[in-house]
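Heads up: the structure comes next, in structure tokens.
Throughout, protein chains are lettered first and strands after them, A, B, ... in sequence-line order, and every chain is numbered starting at 1.
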2 protein chains.
Amino acid sequence: MANDEKIYQKILKAIVEHQLPPGARLPEDRLSEAFGVSRTGIRKVLQRLALEHFVVIARNKGAQVNHPSEEEALEVLDSRILIEPLLIAGVQANWSSEQSERFKDLVEEERDAEQAGDMAASIQATARFHYELAQLAGNSVLAAFVEQLCYRSSLVIAAYGTRSSVSCDCGDHSQLLDLLDKQQPQQAQAWMKHHLQEIKASLVLTSQEEQHIDFQRLFS
Amino acid sequence: MANDEKIYQKILKAIVEHQLPPGARLPEDRLSEAFGVSRTGIRKVLQRLALEHFVVIARNKGAQVNHPSEEEALEVLDSRILIEPLLIAGVQANWSSEQSERFKDLVEEERDAEQAGDMAASIQATARFHYELAQLAGNSVLAAFVEQLCYRSSLVIAAYGTRSSVSCDCGDHSQLLDLLDKQQPQQAQAWMKHHLQEIKASLVLTSQEEQHIDFQRLFS
DNA sequence: ACACAAATAATTGTATACAATATAAGTGAT
DNA sequence: ATCACTTATATTGTATACAATTATTTGTGT
């Protein structure tokens with residue numbers, strides 16, 4: 001893999017896994033010395049992350065991890081609610097016992113990570129489940145979009161999520177696998193929609209950080 | 001607008017309007033002297049265009065306008081067929097007489113461009129119709145994706161399109177406006193799906209350029 | 001101690017220089 | 001004339017230097 005790509009992956013990973021929280025600054029020279037390359041390579045990576053909405057770059061002020069607005073947060077989840085259930089039909093068409101095994105392994109990974117309390121691994125595994133499922137639908141253009149939406153969701157959860165957002169207690173991904181095994185695409189589709197709506201509902205959109213705090217009222 | 005952004009827009013416009021055909025090389029030197037900036041700024045723009053699949057960059061070989069594979073071509077259209085009809089519900093909800101007027105103007109532009117034989121303007125107007133409609137649905141994340149898909153469609157048509165692809169003779173966009181005016185979202189949705197399927201069907205996917213020519217067979 | 005102004009430091013924007021790589025041209029042998 | 005091989009040219013990859021801008025600190029006066 002190209003060097004740029006590795007740096008990109010590492011920074012993205014740090015953002016998605018909530019190591020770099022929304023709002024964190026990303027100065028070019030710190031990153032360049034951390035990765036042992038010149039600012040040129042870092043800038044390239046930051047530009048890309050900005051296009052994909054993981055960081056925001058303000059002119060002459062540099063990059064920081066994006067803190068999605070409430071509007072953006074809802075739109076990302078709504079997009080997934082619209083698209084991912086639609087892909088289930090294609091997934092069911094390509095479903096096989098090998099796929100079933102593959103995804104059971106992924107669910108296992110999720111469980112292990114959650115039990116070990118490894119939130120980073122848990123986030124990664126959960127996102128992977130969704131976008132690898134999307135890939136199965138057979139349209140790589142849509143799958144790439146869903147992959148981005150999954151990662152953006154991780155950022156949204158970093159900003160507005162609760163514990164139940166990351167490891168949603170609305171039930172397990174294995175329920176979906178059961179429905180696919182039983183060849184019930186309608187119910188699988190409904191499950192996916194419900195699942196994503198639960199995640200959306202778990203967001204707390206009245207973030208204290210963003211809204212202005214009126215100390216006058218607070219201490220009067 | 002930032003200078004980078006202007007350069008980006010100009011190159012993208014040239015690609016989308018078929019001034020720069022698929023496969024055309026984009027050497028950094030030529031572009032930098034053409035736009036009067038250093039290669040640094042050009043590289044930034046090319047990287048972005050590559051991420052958005054309008055150009056492909058091969059290491060140490062530089063950038064050229066993407067020549068979408070048949071697979072990519074179909075997937076782009078299929079994505080639109082899946083998503084754009086779904087957005088009609090939201091469009092109908094936000095539909096008003098002002099919107100109706102606005103889009104009638106756009107259709108007028110399309111007609112003028114086509115009558116004048118100005119293919120570039122025709123392509124732009126047609127794409128604008130689709131993605132401004134998508135914006136009306138109220139989800140800017142999805143709208144941005146649809147916008148990209150519209151532009152990618154222009155590139156697909158440059159590679160595989162016929163005359164009927166660009167100014168599709170399957171009827172006018174004004175038919176859709178009528179259905180929205182009459183508050184018939186179901187039929188509007190069906191119309192949109194059919195419309196996009198017609199465009200997909202107009203593609204000619206057996207391009208002589210791509211497929212390997214067997215001279216042995218040809219001249220034996 | 002506070003507000004305001006000036007100077008300094010830190011950071012990004014852009015251009016350029018040099019190295020690495022790929023393409024093209026040239027040379028000579030068969 | 002064609003092929004292999006070498007040399008030259010063109011193009012991209014990466015680092016660095018300097019300019020422009022912003023942020024922070026320092027100093028001064030009230």
Identify the heavy atoms of B:Ile123 and B:Val16 that sit nearest to each other, and give their distance.
CG2-O, 3.6 Å
Aromatic ring proximity, centroids under 6.0 angstrom, B:Tyr160 and B:His67:
yes
Per-nucleotide protein contact string for nucleotides 7-14 of chain D, where B marks a base within reach and S marks sugar-phosphate only (heavy atoms under 4.0 Å, - for neither):
----SBBB
Between C1' of D:dA15 and CZ of A:Phe35, the distance in whole Å:
18 Å
Identify the two heavy atoms, one from B:Leu176 and one from B:Met192, that lie closest to each other, and give their separation to 0.1 Å.
CD2-CE, 4.1 Å
Looking at OG of B:Ser154 and NE2 of B:His18, how far apart are the two atoms once the value is rounded to the nearest 0.5 Å?
5.5 Å
Set of residues satisfying salt bridge (charged side-chain N to carboxylate O under 4.0 Å, His left out) with respect to B:Glu28, sequence neighbours excluded
B:Arg39, B:Arg43
